[in-house]
Engineer: 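Can you read through this structure? Questions will come right after.
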Number of protein chains: 4
Amino acid sequence: MPKQKTAPDSSRRSEAARRAILTAALDLVGELGYAKLSIEGIAAAAGVGKQTIYRWWPSKGALLFDALLTFATDGQDGQSAALPDTGDLAADLKLVLRATVAELNEPRYDQPMRALHTEIVHDPALAADYAERLDGPMREIKKERLRAAQRAGQLAGDVDLDVAVDLLFGPVLNRWLQRTAPLTPEYADQVVDTALRGLRPRDRQG
Amino acid sequence: MPKQKTAPDSSRRSEAARRAILTAALDLVGELGYAKLSIEGIAAAAGVGKQTIYRWWPSKGALLFDALLTFATDGQDGQSAALPDTGDLAADLKLVLRATVAELNEPRYDQPMRALHTEIVHDPALAADYAERLDGPMREIKKERLRAAQRAGQLAGDVDLDVAVDLLFGPVLNRWLQRTAPLTPEYADQVVDTALRGLRPRDRQG
Amino acid sequence: MPKQKTAPDSSRRSEAARRAILTAALDLVGELGYAKLSIEGIAAAAGVGKQTIYRWWPSKGALLFDALLTFATDGQDGQSAALPDTGDLAADLKLVLRATVAELNEPRYDQPMRALHTEIVHDPALAADYAERLDGPMREIKKERLRAAQRAGQLAGDVDLDVAVDLLFGPVLNRWLQRTAPLTPEYADQVVDTALRGLRPRDRQG
Amino acid sequence: MPKQKTAPDSSRRSEAARRAILTAALDLVGELGYAKLSIEGIAAAAGVGKQTIYRWWPSKGALLFDALLTFATDGQDGQSAALPDTGDLAADLKLVLRATVAELNEPRYDQPMRALHTEIVHDPALAADYAERLDGPMREIKKERLRAAQRAGQLAGDVDLDVAVDLLFGPVLNRWLQRTAPLTPEYADQVVDTALRGLRPRDRQG
DNA sequence: TCCTAATCGAGACGGTACGTCTCGTCTTAGT
DNA sequence: ACTAAGACGAGACGTACCGTCTCGATTAGGA
C-alpha cells in the first residue's frame, strides 16, 4: 500500500514550538482582530518557520480552535466540570448565562471566539471538530444539569433537552454574533425567565 | 466650503454596472464560497472596473448585503409584508419557522447569507446597517404577529417581544450557523412548541 | 479569438519603475553576487512590488540581460560603433582584446556578466535573445574590422570570419569563465599573435 | 588538542550511500536540469538522509564534480590516457575535437557539464579544484601531443602550448556554453584548420 | 564477543525566497 | 464625471529547499 503524503510524525513534534504558536495566535487575534490575522504574522511572533504551522494545522481556523481549547480549558479538569446545582434551576441558569454573557463581552475572548465562529460558518470539517470537541462536551454538561432539574420536578419531563439548551443559549450567542442589541446580564435573566415560563399565558387553562 | 474628497455623484451612476456587480457578487459567492470571493473576481465577472466597485461600496460585506437586499426582497412589496395570522399562533409560527429553515437549507441562499453573517461578526458598521435595514424590519413584522397573539390572549401579556422573537428564531439561526446538528422542519416545530409551553412543568400550580 | 492571458499593455508601463528595477538589479548583483540575488531583494531595493517585476520580465536572467543592455550600451550610439582601424590589424586587435580583458576584470562588470552567462548556459530562450541582441551586433562589428583587414590583404581571404572571431575572443572569454588561469593583457597579446600567425611553423614549406 | 568539529571518519563511510548519491545526482541533473536540482531531491532519490550528503560534500557543485569525475573517468585508467598520434597533427586534432563536440552534444553529458560549469563560474574554490583535478590533467595530455608535434616539426617551436590549447578548444567550449550557433563536427574541423594555418595570408612573405 | 562511537535513514526545525493572488489606489482613454 | 481597463506598491498565501538539529537503528572496528 503506497503511502499518500507521509503524514508528519507527531512523536518528533516540538512542544515548545506548538505552545509558542498557540500563544502567538491568541495574542495576535486579540491584538489585531481576525481580519488582520495572518499565518505569516503568527509564525513571526512565535519565532517559528511557517512550515511548522502548515505541517501541523490544516487551516487557520483549526489553529485558532486548538489555541482556544488549549488555553480556555487550561484550568479545568475536563470531565469533572459541572454546572452549579443549588436546587433552584432558574437561579443556577441565570448564573451560568450571566457568566456566558460576561465571557463573551470580555475583550480577551471576544475576538478569538468571533474568529472561530467565522471559520466554523464556512468550514464544515472544522464545524464537526468544534461540535465534537467543544460544543458537545459543554452541551452534555448543560443537559446534565437539566436532567437533574427534571428529576427534581423543575423541568417538564417530555422536553427535548437539546432543544432546551438551544432555547436558553441560542438567543445569547446569536445576539453576540449579530450585535443586534447590546448583550447584558439582564438580557440573560430575561431569556431564562421567558424560556422557563414559556410564551403562552399561564393563567389560561391550556 | 471646499469639498473634502469629491463624494461620488449618484445621479451619474450607471445602473447597468450596479446590477451587473450585484448579480456577479451573488453568483460568485454561490459558486466559489465566501473564502474565495474577491473584489477582483467580481469586477471581472461583471465586466466592470475595480474602481467602480470601490467607488460605490465601502466594503465587500456592504456589497454583499446590498446584493442580498436587492434580490432577496425582489418579489415582495416591502411594507405590505406580514406574517400569516390564521388565529392559531403555534401553527403560524411553525409555518414561518419551517419556511426559514427551508430558505437556510436552500443552496442559493446558504452561501451568501453565511458570507454576510461572517462580515457582520467582524464589522460593527455593517452590523448596524444590517440591524437597521434587514433584521429590524423583519423583527418588527414578527413582533407585530406576536402582538396580535397577545391581543388574542394566546401570548402572555408581560413577555418582552424581542426576547420572544429571539427565543423562537435564535435557536434555528444558531444551529444553521454552527452546524451542530442538521436543520430540519421537525426541529422548527419542536422549538415553537417548547418556546410556547416553556421548560417548566405545566401541571404544577406555581 | 479568446485572448490567452491578456499580455501586459506596455503603453501604460511606468518608466520610473523600470529604471529603478534595472538599477537595483545591477547594484545588487555587484554587491551580493549572483547566488544571493533574489527577485524579492531587487523589488525591495527598487521600492517596487514583486508583481511589477514578474509582469515585465520572464526570468531573472532576462532582467539581468536587460539591465546590462540598458546601462552597458548607455553611452554609445548603437550602430555607429566600430572597432579601431589604424591599418595595423595586430595592434588594433590587441587593443580591443586588452579592453575586453580589462572590462572582464572590472568588478563592476564581472559579477553581472558571470550571472548572465550562467543563465544563458541553462536557458536556451535567453541564449537566443543574447545571441540576437548582444553577441550578434558585437560579432558583426568585429567581423567588419576583419573584412577590412581582408581587403587590405592582412587577413587570409578564405578564412571564415565567424571562426576567426571565435579564435580571437573564445580563449579570453573561456579563461574568464573557467578561471583556469589569471586573465592578463599579456595573454590577450599572445592570443592575437598566435591566432594571426597560426600554430604551424612558418619557415617550413608545407 | 581539542578537535574542532569532529571531522568525519572516512573509514566508516558507507560506499553504498556514496554511489547512490552520485548516481542520483547525475540522473536527476539530466532529468530535471540544473535549476531544479536540489539536495533534498538527490537525498530522496538516493534513499539517503540529507545529512549524509552534507557530511561528505561541501557544496552541490562539489558533489556534481565528484559525480562527473567518478563516472566519466570510469572506463579509463587515469594516467595511461593519451591523445592519438598518427603523425598527422591536423587529423589527430580533428579527431579529438570532433569527439569533444560529440560528447558535448550527448544529452547524457550536456546537462551535468553545464551544471558544473555554472558552479565553477561562481565558486572560485570549485574552480581551483576543477583546474587541478580535471582541466589540468586533460590539458597536460593535450600539451603532450602538441609537444610531440613540435618535436616532429609540425608545430612552431615558439608557440605557448597553453595558448595553443586554448585556441583549439576554447572556441568549441564557448560555442557550446553560449549556444551562439549549433556545435557541429564541421566547426571542429574549421577551428583546427584555421588555428593551424593562422589568420594571416600565407602567400605573403612577411 | 561484546562495547561503543560514528554513520546511517528519517524528518522536524527556523528560515528565505519563490511565483501567485488580491488588496485598495492611481492613471489613462473613451464615452 | 463617470466608465472599463489595468499598472502600481504592498504584502499574505502556501510550497520548496536550505542547512542544522535531533532521533533511534545499524554497523563497524578496538577491547
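Within every chain, numbering begins at 1; the chains are lettered A, B, ... in the order of the sequence lines, protein sequences first and strands thereafter.
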Engineer: With B:Lys60, which residues qualify under side chain to side chain donor-acceptor pair (under 3.5 Å), at least two apart?
Structural biologist: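 B:Lys60: no side chain to side chain donor-acceptor pair (under 3.5 Å) contacts found.
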Engineer: Who passes salt bridge (Lys or Arg N to Asp or Glu O under 4.0 Å) against D:Asp27, sequence neighbours left out?
Structural biologist: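 In terms of salt bridge (Lys or Arg N to Asp or Glu O under 4.0 Å), with neighbours along the sequence ignored, D:Asp27 is linked to no residue.
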Engineer: Would you give the length of the straight line joining atom CH2 of D:Trp56 to atom CG of D:Asp66, rounded to the nearest 0.5 angstrom?
Structural biologist: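 One gets 12.0 Å once the value is rounded to the nearest 0.5 Å.
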Engineer: Quickly work out the A:Arg18 CZ to E:dA12 P distance and round it to whole Å.
Structural biologist: 16 Å
Engineer: Do C:Arg13 and C:Trp57 meet the cation-pi criteria used here (NZ or CZ under 6.0 Å from the six-membered ring centre, within 45° of the axis)?
Structural biologist: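 Ring-cation test returns yes.
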Engineer: Within residues 29-43 of chain C, find the residues that approach DNA chain E with a heavy atom at under 4.0 Å, and present them sorted by residue number.
Structural biologist: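 C:Ser38, C:Ile39, C:Glu40 - these, ordered by number, are the residues of the stretch whose heavy atoms sit under 4.0 Å from the strand.
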Engineer: If we only count heavy atoms from C-beta on, is the D:Leu116 to D:Ile120 side-chain gap below 4.5 Å?
Structural biologist: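 In contact.
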Engineer: Below 3.5 Å, does any donor atom in the side chain of C:Arg12 face an acceptor in the base of E:dT28, or the other way round?
Structural biologist: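 Yes, the side chain and the base share a sub-3.5 Å donor-acceptor pair.
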Engineer: Contact list please: residues 46-58 of chain A against DNA chain F, heavy atoms, distance less than 4.0 Å, in numerical order.
Structural biologist: A:Lys50, A:Gln51, A:Tyr54
Engineer: Please identify each residue that fulfils salt bridge (Lys or Arg N to Asp or Glu O under 4.0 Å) with D:Glu40, with sequence neighbours left out.
Structural biologist: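 D:Lys50.
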Engineer: When you match A:Ser10 and C:Lys60 each to their closest nucleotide on DNA chain E, which lands nearer the 5' end?
Structural biologist: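 It is A:Ser10, whose closest nucleotide lies nearer the 5' terminus.
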Engineer: Going by the rule salt bridge (Lys or Arg N to Asp or Glu O under 4.0 Å), which residues pair with D:Asp129 if we only count those two or more places apart in sequence or in a different chain?
Structural biologist: D:Arg133
Engineer: From C:Arg18 CZ over to C:Ser10 OG, what is the distance, rounded to the nearest 0.5 angstrom?
Structural biologist: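 Rounded to the nearest 0.5 Å, the CZ-OG separation comes out at 11.5 Å.
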Engineer: Between F:dC23 atom P and A:Arg13 atom CZ, what is the distance in whole Å?
Structural biologist: 17 Å
